[in-house]
Amino acid sequence: MKNPEEILQILKENFPDFNLELKTDQPTEALVIASALEIDKLSLFLRDTSDLLFDSLMNLSGVDEPKNSLLSVYYHLESTTLKHKITIKVSTDRNKPEIPTVSEVWKAADWHEREAYDLFGIIFLNHPDLRRILMPYDWDAGYPLRKDYENPEFYQGMKVPY
């Protein structure tokens with residue numbers, strides 16, 4: 001079982017060019033902050049490296065951070081064999097929210113990424129089936145969990161009951 005500092009050290013040794021940072025002053029678990037465009041490489045390493053073996057993506061969630069004009073994604077990982085956990089956070093520009101998919105690394109990411117796409121508009125590059133999962137397929141009124149979202153008055157000619 002490794003602690004977050006040890007996990008970060010392993011990542012830094014293997015990815016010296018990546019900008020990685022550990023945040024331990026959170027009310028939740030420690031966070032490793034990484035670049036959004038590197039998450040696919042980090043994920044594969046986190047899953048396949050014998051000292052880490054993060055075989056479970058427990059959750060993937062989007063967060064709107066309008067103060068910084070960012071959309072963030074949190075990846076909550078667990079190694080069921082080595083019994084350690086870590087949370088990875090990546091952020092992307094809300095005007096061009098693109099992050100490589102990790103659905104090839106953890107199958108659970110497939111639906112989690114679709115949900116983050118549907119509710120926040122985050123584009124997961126190379127996702128095998130990125131389409132709406134909770135909203136109607138033809139919903140064109142935006143992304144409901146963004147802070148600047150406004151409920152439409154009508155949908156397909158019908159008044160939206162709010």
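What you see below is based on every heavy atom in this structure, not just the backbone, and it leaves out hydrogens, waters and symmetry mates. Numbering of residues begins at 1 and proceeds along the displayed sequence.
- The closest side-chain heavy-atom distance from Val73 to Ile122 is below 4.5 Å.
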Review point. Does the side chain to side chain donor-acceptor pair (under 3.5 Å) test come out yes or no for Asp138 and Gln156, once each step is laid out?
Key: CA-CA 9 Å; Asp138 60 349; Gln156 293 188 345; 2.4 Å; yes

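- Counting non-hydrogen atoms of other residues, nucleotides and ligands closer than 6.0 Å to CG of Asp148 gives a total above 12.
- Closest non-hydrogen pair, Ala30 versus Thr24, comes out as CB-CG2, 4.1 Å.
- To the nearest 0.5 Å, atoms CG (Leu42) and CZ (Phe18) are separated by 5.5 Å.
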Exercise for review: Please lay out, stage by stage, how Ile123 and Leu130 fare under the test side chain to side chain contact (heavy atoms under 4.5 Å, CB included).
Suggested key: CA-CA 8 Å; Ile123 308 296; Leu130 194 61; 4.2 Å; yes

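- In this structure, OG1 on Thr49 lies 6.5 Å from CG on Asn14, to the nearest 0.5 angstrom.
- Under the 3.5 Å distance criterion, the side-chain polar atoms of Asn68 are left unmatched by any main-chain donor or acceptor of Leu70.
- Although no hydrogens or angles enter the test, the distance criterion places no donor-acceptor pair under 3.5 Å between the side chain of His76 and the main chain of Leu60.
- Inter-residue side-chain proximity for Tyr74 and Val63 is flagged as met; some heavy-atom pair is nearer than 4.5 Å.
- In this structure the side chain of Thr92 never reaches within 4.5 angstrom of the side chain of Lys96, judged on heavy atoms.
- Judged by distance alone, with hydrogens and angles left aside, the side-chain atoms of Arg94 form no donor-acceptor pair with the main-chain N or O of Leu71 at under 3.5 Å.
- Rounding to the nearest 0.5 Å gives a distance of 5.0 Å between NE2 of His127 and CD of Glu113.
- Between the side chain of Lys107 and the backbone N or O of Glu104 there is no donor-acceptor pair closer than 3.5 Å.
- Here the side chain of Thr101 pairs a donor or acceptor atom with the backbone of Ser103 at under 3.5 angstrom.
- Across every non-hydrogen atom of Pro144 and Asp118, the tightest pair is CD-O, 3.7 Å.
- Between the CZ atom of Arg114 and the CD1 atom of Ile133 there is a distance of 4.0 Å, given to the nearest 0.5 Å.
- When all heavy atoms of Ala141 and Tyr149 are compared, the closest pair comes out as O-CE1, 3.2 Å.
- In this structure the side chain of Glu21 never reaches within 4.5 angstrom of the side chain of Val32, judged on heavy atoms.
- Residue Leu77 comes nearest to Leu57 through the heavy atom pair CD2-CD1, 3.5 Å, listed as atom of the first residue, atom of the second, then distance.
- Linking ILVMFWY side-chain heavy atoms closer than 4.5 Å, directly or via other members, places Leu31 and Leu37 in two distinct hydrophobic clusters.
- Note on Leu46: it clusters hydrophobically with Leu22, by side-chain heavy-atom contacts below 4.5 Å among ILVMFWY residues.
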Practice item. Applying side chain to side chain contact (heavy atoms under 4.5 Å, CB included), run through Leu119 and Glu115 and close with a yes or a no. Key: CA-CA 6 Å; Leu119 301 177; Glu115 184 177 294; 3.8 Å; yes

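- Residues Lys2 and Leu82 fail the side-chain proximity criterion, which asks for heavy atoms closer than 4.5 Å.
- With a 6.0 Å radius and a threshold of 12 heavy atoms from other residues, nucleotides or ligands, Asn3 has its CG atom above the threshold.
- Taking 4.5 Å as the limit, every side-chain heavy atom of Leu52 sits out of range of all side-chain heavy atoms of Ile86.
- For Arg146 and Asp64, the salt-bridge test fails: no basic side-chain N is under 4.0 Å from an acidic carboxylate O.
- Ring geometry, Phe45 versus Phe15: the interplanar angle exceeds 60°, so the pair is classed perpendicular (tilted spans 30 to 60°).
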Practice item. List the steps, then state whether side chain to side chain contact (heavy atoms under 4.5 Å, CB included) holds for Val160 with Asn151. Key: CA-CA 8 Å; Val160 177; Asn151 288 322; 5.7 Å; no

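- The CD1 atom of Ile7 sits 10.5 Å away from the CG atom of Asp51 when rounded to the nearest 0.5 Å.
- Using a 4.5 Å cut-off on side-chain heavy atoms (C-beta onward), Tyr75 and His112 make no contact.
- A pairwise comparison of heavy atoms in Ser72 and Lys89 identifies OG-CE, 3.5 Å as the closest pair.
- Contact check on Arg131 versus Asp129 returns a salt bridge, with a Lys/Arg side-chain nitrogen under 4.0 Å from an Asp/Glu carboxylate oxygen.
- Ring centroids of Trp106 and Phe54 are separated by 6.0 Å or more, keeping the two rings apart.
- A salt bridge does not link Glu65 with Lys67: every distance from a Lys NZ or Arg NE/NH1/NH2 to an Asp or Glu carboxylate oxygen is 4.0 Å or more.
- Each of Glu6, Glu5, Glu13 was checked for a side chain to side chain contact (heavy atoms under 4.5 Å, CB included) with Gln9, and the lone residue meeting it is Glu13.
- Between the CG atom of Leu44 and the CG atom of Asp40 there is a distance of 8.5 Å, given to the nearest 0.5 Å.
- Put simply, the side chain of Arg47 never gets that close to the backbone of Leu53: no donor and acceptor are under 3.5 Å apart.
- Contact between Ser79 and Asp55 at its shortest, heavy atoms only, is CA-OD1, 3.5 Å.
- Here the side chains of Arg132 and Tyr117 are in contact, with some heavy-atom distance below 4.5 Å.
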